[in-house]
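Each chain gets a letter, A, B and so on, in the order the sequences are listed, and its residues count up from 1. The shown structure was predicted, so the numbers you read here are calculated from the model rather than taken from an experiment. Hydrogens, waters and symmetry mates are skipped; everything else that's a heavy atom, side chains included, is used.
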Amino acid sequence: MELKYIILILNGLTQSAILFVLGSGLTLAFGLMRVVNLSHGAFYMLGGYLGWSVVKATGNWPLALLVGGLSIALLGFLFEKTMLGRVRGNDLPETLLTVALSMIIADVCLVFWARTAITLNVPQYLNPTITILGVTYPGFRYLMMVISILIAVSLWFILYKTNLGKAVRAGVDDRETVSALGININKIYTSVFMLSGLLAGLAGVLGGSYLQLSPGGDTTILTLSLVVIIVGGMGSLLGAVISSLILGQIMSFGLAFAPQYSYFLIFIPMALVLALRPQGLFGRQI
Amino acid sequence: MSESIRNHQASLEISDLQTYYGNSHILQGCSLKVGKECVAVLGRNGMGKTTLMRSIMGLIPPEGGSIRWQNIELSKKEPFEIAKLGIGYVPQGRRLFPSLSVDEHLSLTYRKTGQEGTWDPARVYALFPELANRRKISGTRLSGGEQQMLAIGRALVINPSIILLDEPSEGLSPIAVDLVIDTCRKLRKENISILLVEQNIHVAEALADHVYIMLSGKTVFDSEANKFLENLELREKYLGL
Amino acid sequence: MKKPDQPHALTITAVSKNFSGVQAVRSVSFEVPVGERRALIGPNGAGKTTLFNTIAGELVPNEGSIHFFGIDITRKSVQKRANLDLGRTYQISQLFLDLTVEENLYLAGSGGATKAFRFFGPWKNNKAELDWVQEVTNQVGLHKYISSKVSELSHGLQRQLEIGMALAMHPRLIMLDEPAAGLSPSERIILTDLIKKLPRDVTLILIEHDMEIVLDIADRITVMYHGSVIAEGTPGEIRSNVEVKKVYLGSSYV
Amino acid sequence: GVPAVAPAPAEPVAEQAAPAVAEPAPAEPAAVAEAGKIKIGMISAFTGLFSGFGEMQKQGAVLALEEANYMAGGKQIVLIMEDDQLDNEQAITKSKKLVEQDKIDILTGMVSGDEGLAVADYMKDKNIPVIPMYSASEDITMREFHPMIVRTTWTGAQSMDVFGYWLAKEKGWKKIYQIGEDYSFPWNQSGGFMRGFCRGGGEEVFSVWSPPGSTSDFSSMIASIPLDEGYDAVLYNGGGGDAVNFVKQFVELGYDKKITLIGQSNTFEKPDLDALPVDIIGSYSPHHTADDLNTPEWNAFKEAFNKRWGRNPSAASEFAYSSMRVILRAIDAVNGDVSDKAALVDAMLKVDMTDDPRGPVSLDPTFHSAIENVYIREVAKAEDGTLYNKGIWTVKNVSQFGPYDPETYLKQPIDGNTYPPQKCSDFPPVMLDAENVYEFVEFGK
Amino acid sequence: MSRFRINPVKVTFYVIAAIFLILLPYYVSQYTVTTFIRIIYFGFLSLSMGFLIGQGGMISLTQTAFFGLSGYIIGIFGVERGLMFPWPDLMAIGAVAIMAFLFGMIAMGTHRIVFLMITLAFGQVCWAFAAQNTTILRGWSGIRGIRPFVIYGINFNEYQNFYWASLILFALGIFILWRISKSPFGLALNGIRENPRRMAAIGYPVYWIRVVAFLIAAVYAGLGGILAAYNTGIIMPTTIQLSRTIWVLLTVILGGASFFFGPIVGTFVAVWLDVLISGVTERYNLVLGVVFLIIVLFSPTGIIGIFDQMRNDKKFNSIINFFSPKKEKPNS
Ligand SMILES: Nc1ncnc2c1ncn2[C@@H]1O[C@H](COP(=O)(O)OP(=O)(O)OP(=O)(O)O)[C@@H](O)[C@H]1O
Ligand SMILES: Nc1ncnc2c1ncn2[C@@H]1O[C@H](COP(=O)(O)OP(=O)(O)OP(=O)(O)O)[C@@H](O)[C@H]1O
Ligand SMILES: [Mg+2]
Ligand SMILES: [Mg+2]
C-alpha cells in the first residue's frame with residue numbers, strides 16, 4: 001500500500017515536470033511580456049510532432065528534443081519579428097494573431113502528421129526501468145524531472161542574473177521610455193518570445209514521449225498551462241515551480257481517488273487562489 | 001558611456017524639424033544648436049517643447065529636417081541607438097516603471113566602467129539620499145518629488161555626453177531644486193552638454209547659457225540667456241511674464 | 001468668518017500612516033475652518049500626498065480619525081467621500097486618456113451613485129451639465145481643446161485639465177496637489193486668479209512647491225517634515241521660521 | 001498462420017501521399033439540383049480528436065462509391081462531405097446545410113454516439129433516410145428510433161455482451177476491474193459487458209471512470225489498481241489517444257506482468273494499435289471485424305482498400321464501406337427513384353448483405369439495426385513485427401439486444417456510469433436468466 | 001440642436017438594410033436564412049463580449065458560459081420538465097442574471113489581465129462541471145430535442161418565423177445596447193475603462209457600475225444562448241468550451257473591439273467565411289487562419305478599423321486632397 005503512495009507522488013512529480021516546462025514558457029510570454037499567447041498549446045503540439053518525425057527518421061531522441069525545441073524557437077522568432085512586433089503593445093490584435101496562428105498550426109499538423117494519437121519512441125537507454133528501494137519506476141520519467149530542473153535553473157539565471165527580466169518588465173510598463181534609455185526592447189522581446197517558444201517545443205517533445213500527441217490536444221495543453229500560471233502568478237518563475245508542484249500532486253492523487261472529477265479538481269486550487277489572491281501565489285500586485 | 005565620446009566635441013544641431021502626430025503638424029520648422037553649454041528651451045504649454053525632445057530621441061521620428069549629433073544624422077535612427085550614442089533623457093512626467101524597484105531602475109541601464117567619477121547607482125544615492133532608503137519599493141510608489149529624482153538618476157547612470165531634461169524641477173521642493181541646479185552645474189563641469197526645457201524661470205536663469213523660445217512648434221527667438229532674461233519686454237512678449 | 005457652531009470643514013486628529021517600514025505620516029493633527037485657503041508644504045517625501053490620500057480615502061490611516069464637516073469619514077470609501085463633495089486633484093495626472101476633454105469634465109461634473117445609472121437618454125442631451133462643462137473649460141483655459149482627446153494634450157494642458165476635474169465636481173472642499181507643476185509662468189498666473197476667484201464658502205487645501213503662489217493665496221500654511229507637522233501659521237510666520245527655511249526653502253528664500 | 005496483416009503503411013505521412021480523393025463535389029454549387037443526380041450527405045469528424053476515425057470513414061465510403069463508379073439505379077451519385085469537428089452543435093449546423101442548401105436525399109456518416117444521436121434528433125421530421133456509420137449509440141435504433149433510421153453497423157453493447165459472456169463462461173473469470181472513459185459510448189459498452197459477464201457467471205465488474213480526452217497521465221489510476229483483491233483482469237474501456245496513453249503507461253509501470261489487460265472494441269483498433277508497445281500481445285477485445293478474417297469477401301475488400309488507399313482497412317472503414325454499399329444497392333433496387341423515402345428505407349432493409357466483407361449481416365425489420373457476427377480477438381504480432389487483432393472466436397447472428405427480447409431490454413434504464421450495478425448480485429433477475437443464444441465457433445471455421 | 005440633425009445618407013442606408021433583412025427569406029435559400037440566424041445568436045454573444053471589452057475594457061472569457069447556461073435551463077425545464085413558453089425562457093434569463101450577479105460580485109474587484117484570468121477560470125469551471133455532471137446536465141451527451149414553440153398560432157419551428165423573431169429581438173437588442181453605450185452609464189463605463197481610480201475619486205460607484213455592465217452583457221449572452229438552443233436543438237459542453245470562447249473573442253477583435261458594430265461585423269464575416277471556405281476546401285482552418293492574420297496585420301483595429309484608418313490616413317487623405325485642392329497640403 002505504501003508503495004502505491006510513493007508511485008503516486010512520483011507520478012505527481014512527473015506531471016509537475018511537464019507542467020513546469022509548459023507553464024514557464026507561457027509565463028514568459030503571458031506573464032512577463034503580457035502577450036496573451038493562445039498559440040502556446042499549438043506550439044507544444046508542433047514541437048512534439050517535429051520531434052516525432054526526427055525520432056521516426058533517425059531514432060535519435062536527444063536530437064528530437066533539440067530539433068523540437070529549436071524549431072519552435074525559430075517559429076517564435078519569425079512570428080514575433082514579422083507579425084507580433086507590428087502590433088506590439090496592442091493586446092487585442094496580438095491575441096487575434098496568436099489565435100490565427102494556432103488555427104494554422106493545428107491544421108498543418110493535421111496535414112503532415114497523423115490524425116490519431118502518436119507517441120515518440122524513447123530508446124531503451126533513456127528509459128531503463130529503475131528500481132529504487134523496491135519502487136519500480138520508468139527511468140524516462142526521472143529524466144524528465146532532471147531536465148525540468150535544469151530548465152528551471154537556467155531560466156532563473158537568465159531572468160534574475162541578467163538584465164533581461166528587468167528590461168522586459170520595464171518594456172511592458174513603458175516601451176518608449178525604455179528604448180529611450182538605450183535598450184533595444186524589440187530585440188529583447190523577440191528573444192523572450194523565442195525562449196517561450198523553445199520551452200513550448202521542448203515540452204512538446206517531452207510530453208509527446210511520456211504521453212501522446214493527438215489532434216485537438218492543443219486546447220487541453222493551453223488550458224493546463226494557463227492554470228499553472230494563474231496559480232503561480234504571472235511572470236513569476238518561482239510561482240511556476242510551486243504551482244506545477246502543487247498541481248502535479250493534485251492531478252496524480254485526484255486520478256487515484258476521484259478519477260471522475262479529476263479534471264474538475266485541478267480548477268479548485270485555481271478558484272481558491274483567484275478568490276484569495278487574484279494575482280497568484282507569487283504574482284505581483286497589479 | 002566611453003570616455004572617448006565624452007572628450008569629443010559635443011554638439012547637437014537641429015535644423016528645420018518637421019514632426020507630426022498623426023495628421024497634426026506639431027513641429028513646423030524648429031532649429032537649434034547645442035554646443036558644450038546649457039541650452040534652455042522656453043515656451044508656454046502645448047507649444048511643442050516635449051515634441052522636440054521626443055523627436056530628438058527618435059520617439060516620434062521627424063518627417064522633415066535634420067538632427068545631427070556629433071555629425072551623425074539621428075532622424076532615421078531608433079531610440080535605443082540614439083541613446084547609445086551618449087544621449088541621456090529625462091522625460092516629462094517622470095515615466096518610471098511601476099514594475100521595477102528603485103534599485104532596478106538604476107541597475108537597468110548602468111554598466112560598470114570602472115572609471116573614476118562616472119555616475120553609478122551609489123553616486124545617485126549619495127546625491128539623493130531620499131532614494132537610498134527606498135531602494136526596494138516600486139518606482140511609482142515614491143513621492144512625486146522622489147520620482148523626479150529617480151528619473152534624473154536613471155538618466156545619469158547612462159553616463160551621457162548630453163542630457164535632455166524635460167522640466168526636471170517639476171514637483172521638486174525649493175531645496176531639491178537647488179540640488180538639481182547644483183548637479184547640472186557639476187555636469188557642466190564634467191563637460192556634459194545640457195538641453196533643458198523648463199517652466200521654472202529660476203532654474204533656467206541659474207543654468208542656461210543660451211535660450212530658445214518656442215511658439216506653436218517653431219523656434220521663434222534665441223539669444224544669450226542673460227540678455228533675454230533681463231529684458232522684461234521680451235519676457236513679457238514670449239513668456240507672458 | 002466661521003460661525004462658532006459650525007463644524008470645521010476638515011478635522012484631522014492624530015492621523016498616522018505607514019507603508020511597510022516607512023512612517024509616511026506621523027500623528028498629524030490640524031483643523032481647517034470652512035472657507036479657509038490652507039497650504040501644505042514640506043520637502044519631497046514629507047508625506048503631504050499621503051496625507052491627501054488618507055483624507056480622500058485612497059489610503060486608510062493606521063491610526064487617527066478624519067472628520068469632514070463634522071462627519072467621521074475615516075473609514076468611508078473614496079466614492080462616498082467624493083459624494084460628500086470632496087474634490088481633489090492628483091500630483092500625477094489621473095485622467096481618462098482615451099476620452100475627450102468634454103467627456104472628462106462631464107464625468108467629473110455628474111458623478112454620484114444615482115446619476116451614473118441613467119441608461120437611456122444620451123449624455124450629450126443633458127444641457128445643464130454640458131453648460132457647466134463649458135464653463136469649467138473656459139475657467140481652466142482649455143476651450144480650444146474641448147473636443148480633443150486627452151492623450152493628445154501636452155503635459156501642461158493635462159495638468160490644467162486635472163484642476164478642471166476637481167472644479168467640475170462642485171466641491172465644498174477642494175484639495176489640489178501641486179496644481180502649478182507643469183504649468184508655464186503665464187498659466188500659473190491664470191491659476192492663481194482662478195483660485196482666488198473661488199467662492200468663499202469653498203474650502204481649499206493646496207500642496208505646492210511654488211512659494212510665490214503659496215504666499216499669494218494661503219491664509220495659513222502647514223509645514224510637514226518626515227511625516228510630522230513642524231510648523232503652522234500665517235504666510236508671514238512661516239516665511240520667517242528658521243527651521244522651515246532650513247529643511248524646505250533652502251538658500252533661495254533667505 | 002497466414003501473415004494476416006500486410007506491411008502496414010504505418011507512416012501517417014504516407015496517408016497523405018495517397019492519391020487525393022477526387023473531392024466529391026463539396027464545391028458543387030447548390031444550384032445544381034438536377035433531377036438526374038442523387039445526393040448523399042456525409043457528416044464526419046475530419047478535424048479534432050476523432051479525425052482518425054473520420055478519415056477512415058471517408059476512405060471506406062469513397063471506395064464503395066468508386067467501385068460503383070458513382071452510379072446507382074442509373075443515376076449519378078454525388079457525395080457531399082462536411083466536417084463537424086466532433087462538435088455536436090456543428091454536426092447539426094452541417095446537417096442543416098446539407099438538408100437546406102444541398103437538398104440531400106440521404107444522410108450518412110457520424111463517428112461518435114452523441115454525434116449520431118444529435119443528428120438523428122434533428123433529422124426526426126425531415127423525411128430523409130439517416131444511415132449512421134460508426135456512431136454506436138444504441139438509442140438511435142432503440143429508444144429514439146424513428147423509421148427513417150437504418151443502421152447497418154453496430155451498437156456499443158452488441159459486441160461487449162458477447163465478450164463479457166465469453167470471459168465469464170469460457171474463461172471462468174469472476175472479477176473485472178474496469179477503467180472507463182466517462183461518456184455515453186463507453187457506458188454502453190460497459191453495460192453490454194456487464195450484462196454478458198454476469199449472465200455468464202461473473203461476480204463483479206468494479207468500475208472507475210475518468211473524463212475523456214483530458215486525462216493525460218493514467219499512471220495514478222493504474223497504480224491504484226488493487227493487485228491483491230483477486231481481479232482476473234483490467235478492462236480498459238476507452239479508445240483513441242486515451243487508450244494509447246493508458247496502455248503505454250500500464251506497460252511502463254510493469255502492470256502487464258502483474259495483471260491481464262483486456263480492452264473494449266476500440267482500445268486496440270488500428271491505427272492506434274501501431275502506437276502501442278508489443279507487451280500487450282494476447283490482450284482480448286471484441287469487435288465486428290478482425291484483421292485476419294480470411295473470407296473471400298474480406299480479402300477482396302482488403303485488397304481493394306489497400307490498392308486505393310495504401311493501407312489496411314479498419315472497422316471504421318469497413319462500416320463506412322458496407323453502409324455505403326447498402327445505400328447504393330437500395331438505390332439500385334428502387335431504380336434510382338429516391339422520391340419515396342419510405343420505399344427507399346424499405347429497400348435498404350431488404351438489401352442482401354450476406355456478402356458483406358466482415359461477414360453476413362441482416363437487418364432487423366422493426367428497429368432497422370444489424371444482426372451480425374462478433375469476433376473475439378487477441379492482439380498478435382505479424383511477421384513484419386506490426387501488431388494486429390487476430391480472431392479467436394466467432395459468434396454468429398448477434399442482435400443489438402443480445403439474447404434479450406426487445407421488450408425486456410427496453411424496460412431497463414439507459415446504460416450509464418452507475419447502471420448496471422457493479423455487483424452481479426444486484427442485477428435485475430430478468431437480465432440474468434435470458435436464454436443463452438450465443439454459439440461460439442472457432443474463428444475461421 | 002445640431003445633435004439631432006438627421007443624416008439622410010445614414011437613414012437611407014438603415015432603411016435599405018432593414019428592408020433587405022426583413023425580406024430575406026423571400027429571395028435567398030433556406031440555408032442562407034439559417035446562416036443569418038446563426039449570425040444573430042452568435043452576434044448576441046459577441047455583442048456581449050464586445051460591449052464589455054469596448055465600453056468597459058473588461059476582457060471576459062465567461063460570456064460563453066452564460067450563453068450555455070441559458071441553453072441548459074431551456075433544456076432542463078423546457079425539454080425534460082416540459083414547461084411551456086415563456087417559462088423556460090424567463091427562467092433562463094433569470095438564471096443568467098443571478099449567476100452574472102454572483103460572479104460579478106467576485107470578479108469585479110479585479111482589473112485587466114487578472115480579470116481576464118478570473119473569467120477564464122470561471123468559464124472553465126462551468127465547462128468542466130457541464131462535462132462531468134452526468135446526472136442533471138447529461139455530461140458530454142448534453143440535452144437534445146429542444147424545439148421552438150407555437151405561440152398564438154405562429155409556429156416558430158418554421159424557419160422563416162424563427163428568423164423574423166430572432167431578427168426583431170436582435171434589432172431591439174442592438175438598439176437598446178446602442179442607447180446604453182451613448183448614455184451617461186455608457187460614458188461612466190468608458191471612464192472606468194480608462195481610469196477606475198479617478199472614477200472613484202469623482203464619486204462613481206465603480207464596483208457597481210461594473211457589476212451592472214457585466215449583468216447587462218450576460219443577459220445578451222443569455223439571449224443568444226436561448227436562440228442558439230432553439231436553433232440547434234441541443235445543448236452540450238462543447239457549446240461552452242474554451243475554443244468557442246476564443247472564437248467569439250476572435251470575432252470581436254476581427255470586427256473591431258472599439259467600435260460598437262465591430263462585434264456584429266466580425267461575427268458576420270467570421271460565420272460567412274466559415275460557411276464559404278468550408279464548402280470549398282477541407283483545409284478551411286488553415287485558410288481562415290491566414291485570412292485572419294492578414295486582416296489583423298492590415299488593420300490592427302479590425303475590419304471597421306480599416307474604414308476608420310482610411311479616413312485618417314495621411315496618404316489616403318493626400319489622395320483625397322489631390323482631388324480637392326482647397327485643403328492645404330502639409331509641406332514636408
Ligand atoms: N499624442 C499626440 N497626438 C496629437 N497631438 C499631440 C500629441 N501629443 C501632443 N500633441 C499636441 O502637440 C502640441 C505640442 O505638445 P508638446 O507636448 O510638445 O507641448 P509642450 O511644449 O511640451 O507643452 P507643456 O509645456 O505643456 O509640456 C500640443 O498642442 C499637443 O496638444
Ligand atoms: N505606496 C507606498 N509604499 C511605500 N512607500 C510609500 C508609498 N507611498 C508613499 N510612500 C513613501 O512615503 C513617503 C511620503 O510620500 P508622499 O508622496 O506623501 O510625499 P510628498 O510629501 O507628497 O512628497 P512630494 O512633494 O515629493 O510629492 C515617501 O518617502 C514615499 O516614498
Ligand atoms: Mg512638455
Ligand atoms: Mg506629493
From [X] atom [atom1] to [Y] atom [atom2], the distance as rounded to the nearest 0.5 Å:
X        : Y        : atom1 : atom2 : value
A:Phe257 : D:Ser224 : CZ    : OG    : 6.0 Å
A:Ser214 : D:Asn245 : OG    : CG    : 8.0 Å
D:Thr47  : A:Met103 : OG1   : CE    : 10.0 Å
A:Ile7   : D:Ser219 : CD1   : OG    : 9.0 Å
D:Met221 : A:Asn11  : CE    : CG    : 12.0 Å
A:Tyr210 : D:Gln249 : OH    : CD    : 6.5 Å

Part of D:Asn417 lying under 4.5 Å from any heavy atom of chain A |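 Contact with chain A is through the side chain of D:Asn417 alone.
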Interface moiety of A:Asn127 toward chain D, non-hydrogen atoms closer than 4.5 Å =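 Answer is side chain: those atoms of A:Asn127 sit under 4.5 Å from chain D.
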Which bit of A:Asp107 is near chain D, if near means a heavy-atom gap under 4.5 Å: side chain, backbone, both or neither?
->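 The side chain, not the backbone.
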State, to 0.1 Å, how close D:Phe46 and A:Leu110 come at their nearest heavy-atom pair, and which atoms those are.
-> O-CD2, 3.6 Å
Which atom pair, heavy atoms only, marks the closest approach of D:Ser220 to A:Ala256?
-> O-CB, 3.9 Å
Report the option among A:Thr129, A:Leu8, A:Ile221, A:Thr14 that has the most heavy-atom pairs separated by less than 4.5 Å from atoms of chain D.
->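 The option with the most such pairs is A:Leu8.
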Under 3.5 Å: donor-acceptor pair, side chain of A:Lys4, backbone of D:Pro226 | no
Would you please test D:Lys248 and A:Gln212 for side chain to side chain contact (heavy atoms under 4.5 Å, CB included) and show each step?
-> CA-CA 10 Å; D:Lys248 249 186 76 175; A:Gln212 33 87 337; over 6 Å; no
Pair A:Val122-D:Glu252, side chain to side chain contact (heavy atoms under 4.5 Å, CB included): steps then yes or no | CA-CA 12 Å; A:Val122 181; D:Glu252 270 184 0; over 6 Å; no
Does atom NZ of D:Lys258 have more than 12 heavy-atom neighbours, drawn from other residues, nucleotides or ligands, at distances under 6.0 Å?
->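 Atom NZ in D:Lys258 is packed in, count exceeds 12.
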